[in-house]
Amino acid sequence: MSDSFFQRIDKIRYEGPQSENPLAFRYYDKDRMVLGKKLADHLRVAVCYWHTFAWPGSDIFGQGTFDRPWFKISNPIEAAELKLKVAFEFFEKLGSPYFTFHDRDIAPEGATLKESHSNLDRIIAQAEGEMKRTGVKLLWGTANLFSNPRYMSGAATNPDPEVFAYGAAQVRKILDITHKLNGENYVLWGGREGYETLLNTDMKREADQLGRFLTLVAEHKHKIGFKGTLLLEPKPKEPTKHQYDYDTATVYAFLQRYKLDREYAVNIEANHAILSGHTFQHEVAYAIQNGVFGSIDMNRGDYLLGWDTDQFPNDVQEIALVMATILKGGGFTTGGMNFDAKLRRQSIDPEDLFHAHIGGMDCLARGLLIAEKMISDGKLEAVINERYAGWKGELGQKILSGKASLAELSDTVLEKGIEPKARSGRQEYLENLLARYF
Ligand code: XUL
Ligand code: CO
């Protein structure tokens, strides 16, 4: 492929931590066995289409900075075809087992929905060929229900039912396509399902509309026999001032209220977690403990900025804690680690896309290997077990099993003269213990 976009780059290989080669993996050793499973099968890495190939490097103050040949082609179908070729060249050279896309990233929107559908059919036929040729699989598909002006007041939560129906038509099409491509999940992110002001918003009505929409999607999933997982992606704000899918706890309560908690799991994004005032690990742990953990949108935010900067992850300690939480929860089933991450707009060279993903994959691999050590030696776990040990005793069991009333507990405390002794939470000891793994 001498005329290829990434012609200066060969297939990225694992060379080990000593390597000085910036275009090699130092930790992502895909076949290495970790707790009985290959490293790559733990991480299930995906490259996203939108930031990597569709975004031109623009921001609210400036135009695109990336010089990509497909941005210069005036025929949008031809541009999509070139973009597809380059995307698969990238997945292949990087060695990412999965990719993810929105309908409008992969094929251009037409003048009518019919035209948009036929554009998709044409490009998806080629994507199928590329997937077969390379063995790269689809982690999830999704619909863009937020860019077109018709969605400015939301899709499912729009005051106009015609917009709801249009969004439903878009989701039906891309869910069918995701099924056809053997996608392992389908994602719904409520891009503009929220509000700017309650002066013009009936929040209760909008929640019912969203519940209806998600029910229709679940029904369609079963009708077509799609076996993948439906995922909702929480985010507290941006683009709207208040998004309804605020965080995992909010989404879980919503799902229960509309009897959808068995139909949907969550796709947790690291940057969205911190925007909602939680740590990334908190969101993952909350989802696991409630049985709705699905997948990860892997990136990082900037603690000084209040918006979604979508940077590539580089904090090994954070990833190790998250990986340990995921491993203890049983690991991914259909989910994986999708890099919903983008270059900085000054990183204009094709190589920068590789540096970003190589660094991200190495960070995940390193975090996984550290999590393996944490879990295998069990030192952190032992402190937690010891801290709650009282609940295994007679009193603890009596309380938990519901066998003691409030009055009986009161009598017990008074009769036995119970005066609890405070015990240290040992946070600094534990932080020092944690530091030893790095
Ligand atoms: C936006 C975001 C989306 C979803 C898919 O913040 O994360 O790209 O992941 O629509
Ligand atoms: Co995301």
Side-chain angles (χ1 to χ4, degrees), residues 44-56 58-60 98-107 109 138-148 151 154-157 167 170-171 173-175 177-178 183-194 210 213-214 217 228-248 250-251 264-276 278 280 283-284 287 293-302 305-313 322 335-343 356-357 360:
R44 297 165 58 81
V45 165
V47 172
C48 86
Y49 218 92
W50 51 102
H51 291 317
T52 315
F53 305 106
W55 175 60
S58 53
D59 70 11
I60 48 168
Y98 290 96
F99 77 111
T100 56
F101 70 98
H102 298 80
D103 46 3
R104 303 299 178 245
D105 312 328
I106 206 162
E109 178 147 23
L138 178 62
L139 186 65
W140 47 262
T142 189
N144 178 329
L145 304 184
F146 42 88
S147 293
N148 190 290
Y151 295 122
T157 63
Q170 240 183 283
V171 170
K173 179 72 179 169
I174 196 69
L175 181 52
I177 286 172
T178 301
E184 300 192 22
N185 307 269
Y186 181 83
V187 164
L188 294 107
W189 167 58
R192 292 187 193 272
E193 313 296 16
L210 186 56
F213 193 91
L214 297 179
V217 175
T229 312
L230 295 176
L231 299 169
L232 286 186
E233 183 174 324
K235 186 175 185 182
K237 56 189 167 198
E238 196 201 20
T240 67
K241 170 197 168 83
H242 180 98
Q243 302 255 140
Y244 295 134
D245 49 13
Y246 198 94
D247 61 359
T248 302
T250 311
V251 165
Y264 285 84
V266 286
N267 182 41
I268 294 171
E269 179 162 325
N271 202 162
H272 297 177
I274 64 166
L275 290 178
S276 65
H278 303 299
F280 181 25
E283 285 290 87
V284 171
F293 176 68
S295 199
I296 296 283
D297 263 11
M298 196 61 246
N299 57 21
R300 77 175 200 272
D302 185 310
L305 302 177
W307 63 89
D308 206 7
T309 62
D310 286 339
Q311 288 162 263
F312 282 81
V322 167
M337 294 278 194
N338 171 49
F339 286 113
D340 191 351
K342 61 182 190 230
L343 297 174
H357 286 85

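Numbering of ligands and ligand atoms starts at 1, following listing order.
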task = Using modelled atom types only, decide if a donor and an acceptor are shared between the side chain of Asn271 and the backbone of Asp310 within a distance under 3.5 Å.
result =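 Looks like yes, one N/O pair under 3.5 Å.
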message = So does Asp308 get a backbone contact from the side chain of Glu238, meaning a donor-acceptor N/O pair under 3.5 Å?
response =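 Answer holds: yes.
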Consider every N or O of [X] and every N or O of ligand 1, then say whether any pair is closer than 3.5 Å.
| X | value |
| --- | --- |
| Asp340 | yes |
| Trp140 | no |
| Lys235 | yes |

inquiry  = Parallel, tilted or perpendicular: which one describes the rings of Phe99 and Phe101, with boundaries at 30° and 60°?
reply    =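 Correct class here is parallel.
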query = What is the ring orientation for Trp50 with His102, classed by angle as parallel under 30°, tilted 30 to 60°, or perpendicular over 60°?
reply =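 If you compare the ring of Trp50 with that of His102, the planes turn out perpendicular.
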message = Under 2.8 Å from the Co ion (ligand 2), which protein N, O or S atoms do you find? Ignore water molecules.
response =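 Per the 2.8 Å query on the Co ion (ligand 2), atoms found are Glu233 OE2, Glu269 OE1, Asp297 OD2, Asp340 OD2.
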Which of the numbered atoms in ligand 1 are under 4.0 angstrom from any heavy atom belonging to [X]?
| X | value |
| --- | --- |
| Trp50 | 8 (O) |
| Asp308 | 6 (O) |
| Asp297 | 9 (O) |

Options Phe101, Trp307, Trp189, ranked by nearest heavy atom to atom 1 (C) of ligand 1, top entry =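 Nearest option to atom 1 (C) of ligand 1, by heavy atoms: Trp189.
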Are [X] and [Y] linked by a side-chain donor-acceptor pair shorter than 3.5 Å?
| X | Y | value |
| --- | --- | --- |
| His272 | Asp297 | no |
| Thr100 | Asn338 | yes |
| Asp340 | Asn299 | no |

message = Starting from atom 10 (O) of ligand 1, what is the nearest protein heavy atom, named by residue and atom, and what distance separates them?
response =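 In this structure, atom 10 (O) of ligand 1 has His102 NE2, 2.7 Å as its nearest protein heavy atom.
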query = Which one of Phe312, Tyr98, Tyr49 satisfies the ring-ring contact (aromatic ring centres under 6.0 Å, His included) criterion with Phe339?
reply =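 Only match with Phe339 under ring-ring contact (aromatic ring centres under 6.0 Å, His included): Phe312.
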